[in-house]
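One structure is given below, encoded as structure tokens.
For the numbers below, each heavy atom of this structure counts, side chains included, while hydrogens, waters and symmetry mates do not.
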Amino acid sequence: MEETPLVIGELVSNQGCISDKNMIHELDLKGFGEIEKEKLFLKSFETLYLLYTKRLILKKNKKQIDFDSFMSICQNTDSEILTKFLIYRDLRNRGYVVKDGFGFGSDFRVYERGHFGEKGAKFLIFGLNEGQQEKMGTLQKKIEDITQMGKEPIIAVIERRGEVIYYKINKMNFYENKSRLEESFQF
């Protein structure tokens, strides 16, 4: 992967904001942020990733904000930010373009390698921390919604030591008083 030049951004209401037109173009092509009024606004997990990979210098009133400081700022408004960052970082490191999810309880839309900008996202990923509880009915509804959209639902589980494990899931049917399951989750 070619090295992206260093990006300079400023913190605008808890979002990384890039004003340099060349940088906006460069980052937009790689699937970062959303362009609004000729500026590129990065989601908090994108900002964290660029800070983590030392490709972003983030400033607020001429004061530089580092990864840990920005993580603290984010945790005040989003208790799930560490989980989102770990999944986002892992997917980016694997070469995927990752965008914010759009409802259905999904955290991210993930594009097949080489297809960003050409096709819609193939996968919808939602993150869970190891040991986190999720109601079966809620999980089943998410899976149905995602599948109906023609996307593949994937659960990303963060292990206690920070490793991300992905589970591709299929539709599941429960039958009353029957011992067989036609389709089941595959972990």
Side-chain angles (χ1 to χ4, degrees), residues 1 4 7 9 11 14-16 27 30-34 41-56 58 65-116 120-149 151-172 183-187:
M1 192 172 102
T4 304
V7 178
L11 187 62
N14 290 356
Q15 279 192 302
L27 289 169
K30 292 190 165 119
F32 287 98
E34 301 295 327
F41 289 90
L42 300 168
K43 297 284 183 193
S44 51
F45 50 81
E46 294 172 317
T47 304
L48 284 165
Y49 176 76
L50 290 170
L51 285 168
Y52 177 82
T53 56
K54 307 213 179 316
R55 289 176 20 209
L56 173 66
L58 187 64
I65 297 166
D66 65 7
F67 176 86
D68 292 335
S69 304
F70 189 65
M71 179 61 84
S72 295
I73 291 168
C74 294
Q75 285 175 324
N76 290 332
T77 54
D78 184 355
S79 61
E80 298 291 308
I81 189 61
L82 181 59
T83 301
K84 289 177 188 170
F85 165 71
L86 291 171
I87 294 168
Y88 183 82
R89 180 185 70 184
D90 188 69
L91 289 165
R92 275 283 179 180
N93 289 345
R94 292 171 187 254
Y96 290 99
V97 171
V98 183
K99 299 297 266 180
D100 209 5
F102 40 54
F104 306 108
S106 67
D107 293 317
F108 300 111
R109 291 172 285 158
V110 179
Y111 296 79
E112 279 188 278
R113 289 184 188 102
H115 290 276
F116 176 70
K122 181 173 182 177
F123 310 103
L124 286 184
I125 294 186
F126 42 102
L128 294 172
N129 289 306
E130 186 179 345
Q132 183 178 333
Q133 293 187 347
E134 180 82 26
K135 287 191 169 88
M136 241 14 215
T138 310
L139 197 56
Q140 189 173 7
K141 177 82 177 100
K142 285 178 184 177
I143 293 161
E144 282 173 16
D145 290 343
I146 292 168
T147 308
Q148 281 175 349
M149 292 171 57
K151 312 282 184 210
E152 291 184 33
I154 293 179
I155 297 176
V157 178
I158 313 260
E159 285 193 318
R160 282 174 177 76
R161 49 181 202 273
E163 192 179 325
V164 185
I165 298 170
Y166 300 93
Y167 296 98
K168 191 173 179 179
I169 43 185
N170 297 324
K171 193 172 158 231
M172 181 167 85
E183 301 173 69
S184 62
F185 282 118
Q186 296 177 337
F187 287 103

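- Using a 4.5 Å heavy-atom threshold, the side chains of L27 and E46 count as separate.
- Residues meeting the side-chain hydrogen bond (donor to acceptor under 3.5 Å, both in side chains) test with E163, sequence neighbours left out: R161.
- Scored by the side chain to side chain contact (heavy atoms under 4.5 Å, CB included) test, S69 finds I65, D66 as partners (sequence neighbours excluded).
- Nearest heavy-atom pair, C74 versus I81, reported as atom, atom and distance to 0.1 Å: CB-CG1, 3.8 Å.
- Summarising the geometry, atom CD1 belonging to I155 is positioned 13.0 Å from atom OH belonging to Y166; distances are rounded to the nearest 0.5 Å.
- Heavy atoms only, all atoms of each residue included: V164 and A156 are closest at CG1-CB, 3.9 Å.
- Evaluation of the side chain to side chain contact (heavy atoms under 4.5 Å, CB included) rule for Y111 yields V97, K99, R109, F116, A121 as partners, not counting sequence neighbours.
- In this structure N93 satisfies the side-chain hydrogen bond (donor to acceptor under 3.5 Å, both in side chains) test together with Y49, sequence neighbours excluded.
- With sequence neighbours excluded, no residue satisfies side chain to side chain contact (heavy atoms under 4.5 Å, CB included) with N76.
- Between T53 and R92 there is no side-chain heavy-atom pair separated by less than 4.5 Å.
- Only one option out of I169, L124, D145 pairs with P153 in a side chain to side chain contact (heavy atoms under 4.5 Å, CB included); it is I169.
- S44 and F70 get closest at one heavy-atom pair: O-CE2, 3.6 Å.
- Residues satisfying the ring-ring contact (aromatic ring centres under 6.0 Å, His included) test with F32, not counting sequence neighbours, are none.
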- Task: List the steps, then state whether side chain to side chain contact (heavy atoms under 4.5 Å, CB included) holds for D78 with K84.
- Result: CA-CA 10 Å; D78 184 355; K84 289 177 188 170; 3.0 Å; yes

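- For R94, the salt bridge (Lys or Arg N to Asp or Glu O under 4.0 Å) test picks out D90, with sequence neighbours left out.
- For T83, the side chain to side chain contact (heavy atoms under 4.5 Å, CB included) test picks out E80, I87, N129, I158, with sequence neighbours left out.
- In this structure the side chain of T47 never reaches within 4.5 angstrom of the side chain of Q15, judged on heavy atoms.
- Scanning for side-chain hydrogen bond (donor to acceptor under 3.5 Å, both in side chains) contacts around R160 gives E130, with sequence neighbours left out.
- Judged as a ring-ring contact (aromatic ring centres under 6.0 Å, His included), and not counting sequence neighbours, the contacts of F67 are Y52, F85.
- The one candidate from F123, F126, Y167 that meets the side chain to side chain contact (heavy atoms under 4.5 Å, CB included) condition with I154 is F123.
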- Query: Given the rule in the side chain to side chain contact (heavy atoms under 4.5 Å, CB included) test, do L50 and V7 qualify, once you have shown the distances and angles that lead to the verdict?
  - Reply: CA-CA 9 Å; L50 290 170; V7 178; 5.5 Å; no

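- Considering only heavy atoms from C-beta on, I125 comes within 4.5 Å of L91 through its side chain.
- Counting heavy atoms from C-beta on, the side chains of T147 and E144 never come closer than 4.5 Å.
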